[in-house]
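Naming: A, B, ... by sequence-line order, numbering from 1 per chain.
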Amino acid sequence: MQLLLARAASGAPSIVHLDAGVVERVAEDRLAARVAELEADEPRWVWSDTRHWYRPLLAAGVRVERCHDLRLARAILRASAAVDAYDPEAGADAGWEAPPEEHVPTARHAATPLFELGEFEASAGLKPPADLHSAAESMAEHERQEAALEAAGADASRLRLLLAAESAGALVAAEIHAGGIPWRRDAHESVLVAALGDRPPVGRKPRRLEELQAEIGAALDGPVQPDSQADLLRALRRAGLTVRSTRAWELQELDHPAIAPLLEYKKLARLLSANGWHWLDEWVRDGRFRPDYLPGGVVTGRWATRGGGALQLPKAVRGAVVADPGWRLVVADVAQLEPRVLAAMAGDDAMAEAARGRDLYDGIVQRGVVATRDEAKVAMLGAMYGASSGDGGRLAPRLGRAYPRAMGLVDEAAQVGERGGVVSTLLGRSSPLPSADWRALQSAASQPDATPADERRARTAAREWGRFTRNFVVQGTAAEWALCWLAEIRIGLHALGPTDSASSGTASGPVFAGRAHLVYFLHDEVIVHAPAEQAEAAADVVRAAAERAAELLFGDAPVDFPLDLAVVERYADA
DNA sequence: GGGCTAGGCGCC
DNA sequence: AAAGGGCGCCTAGCCC
């Protein structure tokens, strides 16, 4: 059963029963209850934008099992090389290309009533966000997508899996926002005070930074503002140091008394600006950090985030991620996800064998391809990213001889990109075309009057795009594996059912009180927040989901995806 | 004051 | 130790 949720022209919510062809008007204040009622029939909810529709439902205590996110599906179908029956111009003026709604700071969002339009009205002049697609527009888009899928022939089932996984990911993203990462302000502040000294007054630097700045100045014979790259570069050169930049790795090579305090300053200044007291004030409330994930936000299918930097939580502050009393964190990541995905999608049994039951890089060493684990890692990264120089460029060809199928797959993807072509992931997400500027460069280089400089520029640009498409197929298919993993974890955790463990306060929201739920996702890593008595069961769910994801994507291909998994109270202890 | 880029660095 | 792919976000410094 499919139910389409959208707004009538009047702005009132409507539920279109797509199978029965019946339109049901719903009063704004009855919508959440009505969705909950209909959820008993296990429908697939079809809607314009998961973030818009699902966040208020979650806040009202309503979980849905399945959805189809029209905006995300449209982006995939428009670009997919497996789809030629989808007119990219159809509906182009209906605002589907608009990015999802703007970030609303936590405090104000919490106060936003269900389905209020004030946010949009307050930003008059902007394009309407996706939520305001009328029921008619949403239905038309849905029909275009169905028709495109039906015409996709043999690729349709993989595309359908991709769309289902993408939509399930969008549900997870909204649910992570609702549940929130348990974040201990006191623990975070302890980290900051230990590193930087007490919180300074507004406009002042923390004590430790001032001390280090003075040390640097003394060593360089004059006051220095280390936050200013230009000032710092001048001071270093005045002291007789030959430097091209102020990057930490370049400074590390220098032997001078200013360097140690300078590197320490850079590290601490980074902590302060990225995850200092200001970040705590803005992003942590009621013991939760609520990331604003953007599923499908990266062309490869990886998620992006907007604000808060949830994809870059530095190791230094992970001690602040602490389970609620009586709860645990199940922290799991996949060892070497991308090379394993590559081995499976290429059907490279030799590489699968190197990975089976052990560290993939150790397996490569045992096969005698390279001498050390570090070399194996650098070679593999070099092969997947297209390294042309350095150790990666030197070592990657050895992998080509040992694992010709896997390396052939990425080499082929690179060649397609260098010619300006489109590559696709296993499930059918396709790379974008290179820009008009890029094509102009190639075209200029092929003219009879092309100069050597034209040819050099074109070749450089072609190789650069080839590195992108080379990586696209691996990164994108790994993202698909991760989406399937997330979707299976979500289903498995829900099936565990509720416990009597009250969440501390209501921080996790009404849907997750007493229930194990996902609270973090980072490309190949998840964190589940679970009642202690359910933690082992949740860990089993996470493991089983990894096996299921592998089956969904690769059938019975002989590649395993082992997890590093820990049940802990603190993220930092995983 | 806002918009922009560059440099730099955090994550995978 | 970086390189080689993908990002977000901070500051400084420049522009209008």
Legend entry - Minimum-distance nucleotide to Gln312(A) side chain [options: dC12(B), dC10(C), dG10(B)]: dG10(B)
Inset, instruction - Determine the contact category for Ser228(A): base if any of its heavy atoms lies under 4.0 Å from a base atom, sugar-phosphate if only primed atoms, P, OP1 or OP2 are that close, otherwise nothing. - result: sugar-phosphate
Legend entry - Residue Ser245(A), side-chain heavy atoms: nucleotide from dG8(B), dA3(C), dC11(B) that is nearest: dG8(B)
Legend entry - Presence of salt bridge, Asp221(A) and Arg238(A), under 4.0 angstrom: no
Inset, instruction - Ignoring the backbone of Gln475(A), work out which of dG13(C), dC12(B), dG6(C) is nearest its side chain. - result: dG6(C)
Inset, instruction - Look at Arg356(A) together with Asp560(A) and state whether they make a salt bridge at an N to O cut-off of under 4.0 Å. - result: no
Inset, instruction - Sort and list the pairs that fulfil ring pair (Phe, Tyr, Trp, His ring centres under 6.0 Å) and have at least one residue in residues 182-216 of chain A, not counting sequence neighbours. - result: Trp183(A)-His188(A), Trp183(A)-Trp279(A), Trp183(A)-Phe289(A), His188(A)-Trp279(A)
Legend entry - Distance, rounded to the nearest Å, where Arg394(A) contributes CZ and dA1(C) contributes P: 17 Å
Inset, instruction - Please work out whether dG4(C) sits syn or anti, treating a glycosidic angle within 90° of 0 as syn. - result: syn
Inset, instruction - Find the distance Glu253(A):CD to dA2(C):P and express it as a whole number of Å. - result: 9 Å
Inset, instruction - Grab the CZ-P distance between Arg470(A) and dG5(C) for me, whole Å please. - result: 11 Å
Inset, instruction - Could you pick out which residue, Gly308(A) or Met384(A), lies toward the 5' side of DNA chain C when each is mapped onto its nearest nucleotide? - result: Met384(A)
Inset, instruction - Using a cut-off of strictly less than 4.0 Å, decide whether Lys315(A) has a side-chain nitrogen or oxygen near OP1 or OP2 of dC12(B). - result: yes
Legend entry - Residue mapping more 5' on DNA chain C - nearest nucleotide basis, Asp231(A) or Trp279(A): Trp279(A)
Inset, instruction - Could you check whether Val378(A) gets within reach of a base, just the sugar-phosphate, or nothing at all, counting any heavy atom under 4.0 Å? - result: base
Inset, instruction - Ignoring the backbone of Asp227(A), work out which of dC12(B), dT11(C), dG5(C) is nearest its side chain. - result: dT11(C)
Inset, instruction - Look at Lys205(A) together with Asp227(A) and state whether they make a salt bridge at an N to O cut-off of under 4.0 Å. - result: yes
Legend entry - Rounded interatomic separation in angstrom, taking CH2 from Trp481(A) and P from dC12(B): 16 Å
Inset, instruction - Determine the contact category for Arg318(A): base if any of its heavy atoms lies under 4.0 Å from a base atom, sugar-phosphate if only primed atoms, P, OP1 or OP2 are that close, otherwise nothing. - result: sugar-phosphate
Inset, instruction - Using the criterion of both pairing distances under 3.5 Å for Watson-Crick and G-U wobble pairs, give all stems of 3 or more consecutive pairs involving DNA chain C. - result: B:1-12 with C:5-16
Legend entry - dC9(B) base / Arg270(A) side chain donor-acceptor hit below 3.5 Å: yes
Inset, instruction - Check every strand shown and say whether Leu313(A) touches a base, only sugar-phosphate, or nothing at a heavy-atom separation below 4.0 Å. - result: sugar-phosphate
Inset, instruction - Provide, to the nearest angstrom, the distance between the CG atom belonging to Asp564(A) and the P atom belonging to dC12(B). - result: 13 Å
Inset, instruction - Figure out the CZ/C1' separation between Phe289(A) and dG8(C), and round it to whole Å. - result: 12 Å
Inset, instruction - Name the closest nucleotide to the Val298(A) side chain, picking from dT11(C), dG6(C), dG8(B). - result: dG6(C)
Legend entry - Pair Asp391(A) + Arg394(A), salt bridge at N-O below 4.0 Å: yes
Inset, instruction - Could you state the atom-to-atom distance from CE of Met380(A) to C1' of dC12(B) in whole Å? - result: 17 Å
Legend entry - Cationic N near anionic O, under 4.0 Å, Arg302(A) to Glu338(A): yes
Inset, instruction - Ignoring backbone atoms, test whether Thr246(A) places a side-chain nitrogen or oxygen under 4.0 Å from the OP1 or OP2 oxygen of dG8(B). - result: yes
Legend entry - Step-by-step salt bridge (Lys or Arg N to Asp or Glu O under 4.0 Å) determination, Arg51(A) to Glu175(A): CA-CA 10 Å; Arg51(A) 177 193 154 97; Glu175(A) 289 172 3; over 6 Å; no
Legend entry - Aromatic ring of Tyr385(A) stacked on base six-ring of dG5(C), 5.5 Å, 30°: yes
Legend entry - Nucleotide of dA2(C), dG5(C), dG13(C) approaching Arg467(A) most closely (side-chain heavy atoms): dG5(C)
Inset, instruction - Just compare dC9(B), dC9(C), dG6(C) and give me whichever is closest to any side-chain atom of Thr305(A). - result: dC9(C)
Inset, instruction - Looking only at side-chain atoms of Arg247(A), point me to the closest of dG8(B), dC12(B), dC7(C). - result: dG8(B)
Inset, instruction - Starting at atom CG of Asn471(A), determine the distance to atom P of dC7(C), rounded to an integer number of angstrom. - result: 10 Å
Inset, instruction - Measure from the side-chain N and O atoms of Arg470(A) to the backbone N and O of Ala383(A), and report whether any donor-acceptor pair falls under 3.5 Å. - result: yes
Legend entry - Ion pair Lys377(A)/Asp362(A), N-O distance below 4.0 Å: no
Inset, instruction - Return the nearest nucleotide to the side chain of Lys266(A); candidates are dC12(B), dA3(C), dC9(B). - result: dC9(B)
Legend entry - Candidate nucleotides dG7(B), dC7(C), dA3(C), ranked by approach to the side chain of Gln229(A) - the nearest: dG7(B)
